[in-house]
Amino acid sequence: MWLIVWLWRVRWNAEMFCKGEHRFTRGWVLGSWICPVVNLWYPKWVVDDIVAASDPRTPPLTPILRGIPGTRLVWAWWLTWVVGLVLDNIAQRSVLDGAAQLSELRTKAVMSSISAVSTTAAAVLAVILVQRINDLQMRRPWTSLWAAQPPLNGPLQLSAR
């Protein structure tokens with residue numbers, strides 16, 4: 001739960017740093033985690049856009065964040081989390097099927113162990129990711145978007161009538 005609250009806050013900050021259009025509206029920061037099926041990839045895209053908008057190398061007037069490639073840290077965090085989630089789901093569902101043979105129990109135990117290791121790695125990577133995004137947002141100079149926008153026709157000229 002803490003991760004979702006934190007993501008909501010850094011998404012808000014990211015919108016202040018960069019005008020770039022995120023893939024999803026702010027409501028998907030929460031919805032991406034609880035909607036079945038899309039929760040396997042939407043949260044990663046939400047984080048990718050937050051990282052892109054928070055990065056000081058991204059110009060404040062970037063129109064769309066989707067074209068900015070994701071980072072290896074986000075990929076590693078997301079893949080370890082999904083692997084842990086899927087393996088745990090498979091192992092838990094197969095336990096509910098009924099009495100199993102010893103070889104099946106061994107397979108389930110191995111899947112559960114790999115799931116636990118993967119989920120632990122995802123948690124460690126999530127902490128590193130939180131630190132990285134916090135660092136990016138602390139280093140990014142804040143410039144109001146109206147001040148960053150170039151004038152349309154050069155300097156404002158007042159004409160006398």
Side-chain angles (χ1 to χ4, degrees), residues 1-93 112 114-159:
M1 182 61 141
W2 66 269
L3 184 64
I4 296 172
V5 172
W6 175 82
L7 280 172
W8 184 270
R9 291 177 179 176
V10 294
R11 164 67 187 263
W12 186 274
N13 291 344
E15 290 174 2
M16 298 298 117
F17 289 127
C18 181
K19 181 183 175 182
E21 180 182 339
H22 291 251
R23 289 181 183 111
F24 307 111
T25 61
R26 197 175 306 126
W28 279 104
V29 171
L30 169 63
S32 66
W33 290 95
I34 60 176
C35 288
V37 183
V38 300
N39 67 346
L40 294 175
W41 69 89
Y42 274 30
K44 183 208 175 288
W45 286 348
V46 167
V47 173
D48 278 338
D49 288 348
I50 290 170
V51 170
S54 300
D55 193 332
R57 296 173 293 182
T58 305
L61 297 177
T62 300
I64 296 176
L65 298 171
R66 180 181 305 218
I68 298 173
T71 66
R72 283 183 258 157
L73 177 58
V74 174
W75 271 107
W77 160 69
W78 191 247
L79 287 176
T80 56
W81 186 81
V82 169
V83 166
L85 178 72
V86 169
L87 287 179
D88 185 55
N89 231 343
I90 292 169
Q92 294 303 320
R93 287 181 190 269
S112 291
I114 294 171
S115 170
V117 168
S118 183
T119 304
T120 302
V124 170
L125 290 168
V127 169
I128 294 168
L129 184 62
V130 165
Q131 291 173 339
R132 181 79 43 88
I133 293 174
N134 284 343
D135 288 344
L136 287 173
Q137 289 195 349
M138 293 299 289
R139 282 189 289 138
R140 177 139 188 158
W142 185 81
T143 305
S144 58
L145 294 175
W146 57 88
Q149 223 162 352
L152 298 175
N153 296 327
L156 182 61
Q157 303 264 332
L158 297 176
S159 59

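Annotation: the span from Ile50 atom CD1 to Trp6 atom CH2 amounts to 6.5 Å, rounded to 0.5 Å. Rounding to the nearest 0.5 Å gives a distance of 8.0 Å between CG of Asp55 and CD1 of Ile68. Note that CG of Asp88 and OG of Ser115 are 4.0 Å apart. Values are rounded to the nearest 0.5 Å. Taking CD1 from Ile34 and CD1 from Ile4, the interatomic distance works out to 7.5 Å, rounded to the nearest 0.5 Å.
The backbone N or O of Phe17 lies less than 3.5 Å from a partner atom in the side chain of Arg140, making a donor-acceptor pair.
Across all their heavy atoms, Ala52 and Leu65 have their closest contact at CB-CD2, 4.2 Å. The two residues Ser118 and Gly84 come nearest to each other via the heavy atoms OG-N, 3.3 Å. Summarising the geometry of Ala14 relative to Gln137, their closest heavy-atom pair is N-NE2, 3.7 Å, with the distance given to 0.1 Å. The nearest pair of heavy atoms linking Trp28 to Cys35 is CZ3-SG, 3.8 Å. Contact record, Ile133 with Ser54: CG2-OG, 4.3 Å, taken as the closest heavy-atom pair. When every heavy atom of Cys18 is checked against every heavy atom of Pro59, the shortest pair comes out as SG-O, 3.5 Å.
Note: Trp33 and Trp81 meet the aromatic proximity criterion, with ring centroids under 6.0 Å apart.
Taking the six-membered ring for Trp and thresholds of 30 and 60 degrees, Trp41 and Trp45 have ring planes more than 60 degrees apart, a perpendicular arrangement.
When the options Leu85, Leu79, Val86 are evaluated for a side-chain contact (heavy atoms from CB on, under 4.5 Å) with Val82, the one that passes is Val86.
Using a 4.5 Å heavy-atom threshold, the side chains of Trp78 and Val47 count as separate. Looking at heavy atoms from C-beta onward, Leu136 lies in side-chain contact with Pro56 at the 4.5 angstrom threshold. Between Thr80 and Leu125 there is a side-chain heavy-atom pair separated by less than 4.5 Å.
Applying the salt bridge (Lys or Arg N to Asp or Glu O under 4.0 Å) rule to pairs touching residues 23-45 yields Glu15-Arg26, Arg23-Asp49, Lys44-Asp48, sequence neighbours excluded.
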Test side chain to side chain contact (heavy atoms under 4.5 Å, CB included) applied to Val5 and Trp2, step by step: CA-CA 5 Å; Val5 172; Trp2 66 269; 5.8 Å; no
Could you give me the CA-CA distance, side-chain angles and deciding distance for Val51 and Arg132, then say whether side chain to side chain contact (heavy atoms under 4.5 Å, CB included) is met? CA-CA 9 Å; Val51 170; Arg132 181 79 43 88; over 6 Å; no
